[in-house]
Engineer: 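First the structure, which I've put down as structure tokens, then a few questions once you've had a look.
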Amino acid sequence: MNKYQNILAVIDPTTDEQKALKRSIQLAQHTNASITAFLSIFDFSYEMTTMLSGDEREAMRQTVIDDRLEWMNDLVSQLNINGLTINTKVVWHNRPFESIINEVLEHDHDIVIKGTHEHDKLKSVIFTPTDWHILRKCPCPVLLVKDHLWPEKGNILAAINAGSDEDEHRSLNHKITAHANHLAKVINANVHLVNSFPGTPINIAIEIPEFNANEYNTGMLTHHKKAMASHCEQYNIAEDRTHIEEGLPEDVIEDVANKIDAELVILGTIGRTGLSATLIGNTAEHVLDRLNCDVLALKPDGYVSPLTK
């Protein structure tokens with residue numbers, strides 16, 4: 001498996017502290033990947049200069065692009081890239097997520113790496129609309145970078161749904177675990193797997209007095225342990241690095257990530273769009289802002305971005 005050879009690092013124009021670019025370099029130093037430092041900019045005021053000709057407006061836009069490109073080249077020149085190839089690119093687009101995904105589609109990037117923002121007062125991570133759009137619509141893996149370090153012999157937590165019989169979930173389980181094992185070799189880390197299962201449905205316990213909640217929970221735990229053991233056997237993951245707990249996925253994943261001090265959590269996302277994304281959401285989106293580490297979100301095989309031309 002030879003992943004992450006063509007990295008797209010999304011540049012944050014509001015800061016000189018480029019978390020995504022630094023993480024991209026850290027990854028590329030292990031894989032010898034090429035990196036494209038990518039910035040999408042737009043200023044509506046340049047589109048409103050109606051007294052100017054189209055050529056004059058284009059010249060003004062190009063001046064701004066050239067200025068940002070020079071700034072990016074200065075940023076790259078100050079970093080320790082150790083012979084890595086880092087290309088810089090600036091595009092003018094009024095919807096940053098579309099420009100990022102179009103870049104992925106046009107140039108077959110293996111992974112998008114983007115930094116997150118932290119609210120200074122609340123000390124919590126704020127995900128922008130661009131973040132959510134990329135997570136839902138980008139066809140390749142998306143790595144959202146926080147401030148947690150990637151230490152040697154650190155822990156990667158892969159969240160799977162081992163007890164599911166659905167083909168989509170089973171396929172995604174294998175993809176998540178394969179990516180975890182690959183990254184563990186690349187950055188010299190340990191792989192842990194986490195799986196949650198639902199407790200007794202309250203309405204059933206109330207409406208059916210003879211329902212045995214303890215027996216139900218024991219049966220669920222046994223089912224998930226057996227499924228997890230079978231899955232781990234295929235990937236040579238030791239039992240003491242598996243975590244099977246009752247509860248909502250977002251609660252269990254957060255608790256286990258904190259307990260093992262995970263440097264990275266890997267999740268699957270179905271990539272819903274439109275009304276279903278607003279009303280339903282998924283585990284990846286529910287858990288993202290609760291984690292104090294990087295998050296790698298993967299799409300199922302065969303996923304097609306709605307932006308695909």
Side-chain angles (χ1 to χ4, degrees), residues 3-4 20 23 27 110-116 125 127-128 131-146 148 150 154-164 166 168-184 186-187 189-198 224 227-228 231-232 235 237 241-245 247-273 276-277 280-303 305:
K3 298 181 182 294
Y4 316 132
R23 186 71 86 229
L27 183 58
D110 302 315
I111 186 171
V112 171
I113 302 182
K114 186 180 184 301
T116 57
V125 173
F127 290 95
T128 66
D131 296 331
W132 294 124
H133 279 296
I134 294 172
L135 282 169
R136 292 168 179 163
K137 300 172 184 176
C138 185
C140 73
V142 177
L143 177 62
L144 294 178
V145 179
K146 301 191 181 181
H148 198 290
W150 279 13
N155 294 318
I156 294 174
L157 182 63
I160 66 172
N161 186 1
S164 176
E166 294 182 15
E168 186 177 41
H169 283 140
R170 291 164 70 91
S171 175
L172 198 51
N173 289 340
H174 289 292
K175 187 171 187 175
I176 289 168
T177 310
H179 274 259
N181 274 346
H182 174 70
L183 273 170
V186 168
I187 63 176
N190 304 308
V191 174
H192 289 248
L193 298 183
V194 60
N195 184 99
S196 68
F197 66 92
H224 282 269
M228 177 69 88
H231 182 80
C232 289
Y235 292 94
I237 295 174
R241 289 183 180 170
T242 63
H243 310 266
I244 304 171
E245 298 183 9
L248 294 172
E250 51 265 35
D251 294 331
V252 172
I253 294 169
E254 179 189 15
D255 290 344
V256 174
N258 289 335
K259 182 169 67 176
I260 69 171
D261 191 22
E263 60 197 86
L264 172 66
V265 170
I266 304 179
L267 300 162
T269 175
I270 303 303
R272 298 184 179 94
T273 59
S276 62
I280 301 173
N282 54 48
T283 298
E285 296 183 3
H286 289 158
V287 75
L288 273 170
D289 58 357
R290 299 169 62 170
L291 295 172
N292 186 32
C293 63
D294 291 3
V295 177
L296 178 64
L298 306 178
K299 295 291 193 308
D301 291 337
Y303 172 80
S305 172

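A quick note: this is a predicted structure, and the numbers were derived from the prediction, not measured. Index from 1, following the sequence.
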Engineer: Would you check if the side chain of Lys3 reaches a backbone N or O of Asp110 as a donor-acceptor pair within less than 3.5 Å?
Structural biologist: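 Judged by distance alone, no pair lies under 3.5 Å.
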
Engineer: Would Val142 and Lys114 count as a side-chain contact (heavy atoms from CB on, under 4.5 Å) if you check the C-alpha gap in whole Å, the side-chain angles of each, and the deciding distance to 0.1 Å?
Structural biologist: CA-CA 8 Å; Val142 177; Lys114 186 180 184 301; 5.6 Å; no

Engineer: Are the side chains of Ile260 and Arg241 in touch, meaning some heavy atoms are under 4.5 Å apart?
Structural biologist: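 Counting from C-beta outward, Ile260 and Arg241 never come under 4.5 Å.
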
Engineer: Rounded to the nearest 0.5 Å, what's the gap from CD1 on Ile253 to CG on Asn258? Could you check?
Structural biologist: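 So the CD1 of Ile253 and the CG of Asn258 are separated by 12.0 Å.
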
Engineer: Asn195 and side chain to side chain donor-acceptor pair (under 3.5 Å): which partner among His224, His231, Glu245?
Structural biologist: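 When side chain to side chain donor-acceptor pair (under 3.5 Å) is applied between Asn195 and each of His224, His231, Glu245, only His224 qualifies.
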
Engineer: What heavy-atom pair brings Lys299 and Cys138 nearest, and what distance separates the two atoms?
Structural biologist: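 Scanning both residues, the minimum pair turns out to be NZ-O, 3.0 Å.
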
Engineer: Grab the two heavy atoms, one from Ala262 and one from Leu157, that are nearest each other, plus how far apart they are.
Structural biologist: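 Heavy atoms of Ala262 and Leu157 come nearest at CB-CB, 4.1 Å.
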
Engineer: Which of these, Val194, Val287, Ile244, sits in a side-chain contact (heavy atoms from CB on, under 4.5 Å) with Val252?
Structural biologist: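 When Val194, Val287, Ile244 are each tested with Val252, the side-chain contact (heavy atoms from CB on, under 4.5 Å) holds only for Val194.
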
Engineer: Write down the atom of Ala297, the atom of Thr269, and the distance for their closest heavy-atom approach.
Structural biologist: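 In this case the closest contact between Ala297 and Thr269 is CB-CG2, 4.1 Å.
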
Engineer: Looking at every heavy atom in both Tyr303 and Lys137, which two are closest together, and how far apart are they?
Structural biologist: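 Taking Tyr303 first and Lys137 second, the nearest heavy atoms are OH-CA, 3.3 Å.
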
Engineer: For the CG atom of Leu288 and the OG1 atom of Thr116, what is their distance to the nearest 0.5 Å?
Structural biologist: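 Answer rounded to 0.5 Å: 9.5 Å.
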
Engineer: Measure the CD-CG distance between Glu166 and Leu172 for me, rounded to the nearest 0.5 Å.
Structural biologist: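 So the gap between those two atoms works out to 11.5 Å.
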
Engineer: Could you list the residues that satisfy side-chain hydrogen bond (donor to acceptor under 3.5 Å, both in side chains) with Asn173, not counting sequence neighbours?
Structural biologist: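 Per chain and number, Asn173 pairs via side-chain hydrogen bond (donor to acceptor under 3.5 Å, both in side chains) with no residue.
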
Engineer: Could you give the distance from CD (Glu250) to OG (Ser196), rounded to the nearest 0.5 Å?
Structural biologist: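 Separation between the atoms: 8.0 Å.
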
Engineer: For residues Ile266 and Thr177, determine if any side-chain heavy atom of one lies less than 4.5 Å from a side-chain heavy atom of the other.
Structural biologist: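 Not touching, per the 4.5 Å side-chain cut-off.
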
Engineer: Considering residues at least two apart in sequence or located in another chain, which fulfil the ring-ring contact (aromatic ring centres under 6.0 Å, His included) criterion with His243?
Structural biologist: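 Result, ring-ring contact (aromatic ring centres under 6.0 Å, His included) vs His243: His192.
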
Engineer: For Ile156, run the side-chain contact (heavy atoms from CB on, under 4.5 Å) check against Asn190, Asp294, Ile187 and tell me which one passes.
Structural biologist: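 Exactly one candidate clears the test, Ile187.
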
Engineer: Are any of the side-chain heavy atoms of Ile176 and Leu193 separated by less than 4.5 Å?
Structural biologist: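 No, too far: nothing below the 4.5 Å cut-off.
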
Engineer: Can you measure from CD1 (Ile134) to SG (Cys140) and round to the nearest 0.5 angstrom?
Structural biologist: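 It comes to 9.5 Å.
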
Engineer: Looking only at heavy atoms, which two atoms of Ala20 and Gly115 are closest? And how far apart?
Structural biologist: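 Smallest interatomic distance, heavy atoms only, reads CB-N, 3.5 Å.
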
Engineer: Got a second to check how far His179's NE2 is from Leu296's CG, nearest 0.5 Å?
Structural biologist: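 Atom-to-atom, His179:NE2 and Leu296:CG are 7.0 Å apart.
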
Engineer: Counting C-beta onward and ignoring hydrogens, is there a side-chain heavy-atom pair between Asp301 and Lys175 closer than 4.5 Å?
Structural biologist: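 They are in side-chain contact.
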
Engineer: Kindly say whether Val295 contributes a backbone atom to a donor-acceptor pair with the side chain of Lys146 at under 3.5 angstrom?
Structural biologist: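 Side chain of Lys146 to backbone of Val295, a donor-acceptor pair under 3.5 Å: no, none is there.
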
Engineer: List the residues meeting side-chain hydrogen bond (donor to acceptor under 3.5 Å, both in side chains) with Glu254, not counting sequence neighbours, and say none if there are none.
Structural biologist: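 Expected list: Arg290.
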
